[in-house]
Each structure stands twice: as structure tokens, then as C-alpha cells.
*Asks:* 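Handing you a structure now.
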Amino acid sequence: MRMRLVLTAVAAVGALAAVTSPVQAAEYTSSLKIKGVQYDAPGTDSNKCSGGNTKNEYLTIKNYARSAKIDLKGYVVKDAAGTKYTFTASHVLEPGDYVKLRGGKGTNSDAGNVVYRQNCNFLWNNDKDTIHFLKPGGAGADSHAYTKRANDKDGNGYIGYHN
């Protein structure tokens, strides 16, 4: 009986720790990872399609594989509120290559390593948010929660990951 009580107490403490611990980046086995996010576009926020600065808000996704090419088609980027962008076209990343997923409207370019969301609304909150990067089947590829105060020490609106 004593052993059962001890195990129950240990399990309860473990569950409490899991509930109260701060949000950390989940570790996934994907070679595609979030390299960084410009969550706060420089200047005064303006989501006007003409003359706004949503194109200056971007997420950089990098292929950290040593030899595998990876196609982004079907991958999803999503924020904490569930707003999402799905890579609907083929965009192949060579090993070590990256792509910047930018807000605003523009022409996607494999050579220029850029994909536009074709949406002039900002995706990332300027104070805090969570970035989810999902594989085509919905499994997690990478995820990061941030707060401006805790993660952006120099205040430039950019946070780097997996450098």
C-alpha cells in the first residue's frame, strides 16, 4: 500500500510539473525547422496591400538535412489563434537552403527563396504568439512560443531559432 501511495504522489507531482512548466519548443525529428521569425515588421504597422509593411514580417524555414531535398508543398504554418498558411505549390529546399514566408502580396520565387502569403494581414502578434510548423499529414515539424520581453532582448522584432 505504501508503494502505491508513493507512486501516486510521484505521478501527481510529475503531472503538476507538466502543467505548470513554461511552454518550450517541441522537439521533432523533421529536417525542416523554423530558423527565425521577424514577428514585428520594422516601422509602424500598416496592413494596406499598397504601401503597407506586412511584407517585412516573415518566417524563415530552413532545410537542415545533410543530403535530402524537401518539398514544402502541403506544409502548414499556423499561429496560436489558428490563422494558417498552407504551401499549396511545390517549393523544393536543397540541403542547407531556406525560404522566407512573407506577408503581403508578391511573386513567389525559388531562386529568390521567397514565398508570399498573398494576404496583407499580419500573421504574428507583436507581443507574444506561438508558431506551429506542420508536416503535410498534420504532424509537428517545429513549434516555438515567444514573448517580446523574454525572447527579443535587442527589441528589433526578430527572434532566431536553430541557428
*Asks:* Which pairs pass side-chain hydrogen bond (donor to acceptor under 3.5 Å, both in side chains) with one or both residues in residues 67-89, sequence neighbours excluded?
*Replies:* D71-S90

*Asks:* Answer yes or no: is there a donor N or O on one side and an acceptor on the other, between the side chain of D152 and the main chain of I159, under 3.5 Å?
*Replies:* no

*Asks:* Quick one: closest heavy-atom pair of I34 and I131, and the distance?
*Replies:* CD1-CG2, 3.3 Å

*Asks:* Would you say the side chains of H162 and D142 form a donor-acceptor pair under 3.5 Å?
*Replies:* yes

*Asks:* Is I70 linked to L134 within one hydrophobic cluster, defined over Ile, Leu, Val, Met, Phe, Trp and Tyr using a side-chain heavy-atom separation of less than 4.5 Å?
*Replies:* no

*Asks:* Looking at OH of Y116 and CG of L101, how far apart are the two atoms once the value is rounded to the nearest 0.5 Å?
*Replies:* 10.5 Å

*Asks:* Look at the side chain of N113 and the backbone N and O of K100, then say whether any donor-acceptor pair between them is shorter than 3.5 Å.
*Replies:* no

*Asks:* For the atom pair OH (Y146) and OH (Y161), what is the distance rounded to the nearest 0.5 Å?
*Replies:* 7.5 Å

*Asks:* Please step through side-chain contact (heavy atoms from CB on, under 4.5 Å) for the pair E94 and N63, ending with a clear verdict.
*Replies:* CA-CA 7 Å; E94 300 283 335; N63 179 358; 5.8 Å; no

*Asks:* Give, for atom OG1 of T60 and atom CD of Q38, the distance between the pair rounded to the nearest 0.5 Å.
*Replies:* 9.0 Å

*Asks:* Give a yes or no on whether V99 and Y58 share a hydrophobic cluster (residues Ile, Leu, Val, Met, Phe, Trp, Tyr; joining criterion: side-chain heavy atoms under 4.5 Å apart).
*Replies:* no

*Asks:* I'd like to know if the side chain of Q118 reaches the main chain of G106, judged simply by a donor and an acceptor atom lying under 3.5 Å from each other, with no hydrogens or angles considered.
*Replies:* yes

*Asks:* Report the residues that fulfil side-chain hydrogen bond (donor to acceptor under 3.5 Å, both in side chains) with N47, sequence neighbours left out, ordered by chain and then residue number.
*Replies:* N121

*Asks:* Hey, mind stepping through E57 and W124 against side-chain contact (heavy atoms from CB on, under 4.5 Å) and telling me if it holds?
*Replies:* CA-CA 8 Å; E57 178 187 88; W124 311 115; 3.6 Å; yes

*Asks:* Give the minimum heavy-atom separation between S30 and K135, together with the two atoms involved.
*Replies:* CB-CE, 3.7 Å

*Asks:* To check you understand the geometry: which heavy-atom pair defines the closest contact between P95 and A68, and what is its length?
*Replies:* CG-O, 3.6 Å

*Asks:* Work out which heavy atom in K48 is nearest to a heavy atom in C120; give both atom names and the distance.
*Replies:* C-CB, 4.4 Å

*Asks:* Can K35 be said to sit on top of Y98's aromatic six-ring, NZ or CZ under 6.0 Å from centre and within 45° of the ring axis?
*Replies:* no

*Asks:* What pair of heavy atoms forms the shortest contact from V114 to R102, and how long is it?
*Replies:* CG2-CD, 3.8 Å

*Asks:* Between the main-chain N or O of N125 and the side-chain N or O of K128, is there a donor-acceptor pair closer than 3.5 Å?
*Replies:* no

*Asks:* Indicate the atoms forming the closest heavy-atom contact of S143 with T130, along with that distance.
*Replies:* OG-CG2, 4.1 Å

*Asks:* Are V77 and F87 side-chain neighbours, meaning at least one heavy-atom pair lies under 4.5 Å?
*Replies:* yes

*Asks:* Would a hydrophobic clustering, with Ile, Leu, Val, Met, Phe, Trp and Tyr connected at side-chain separations under 4.5 Å, put L59 with Y39?
*Replies:* yes

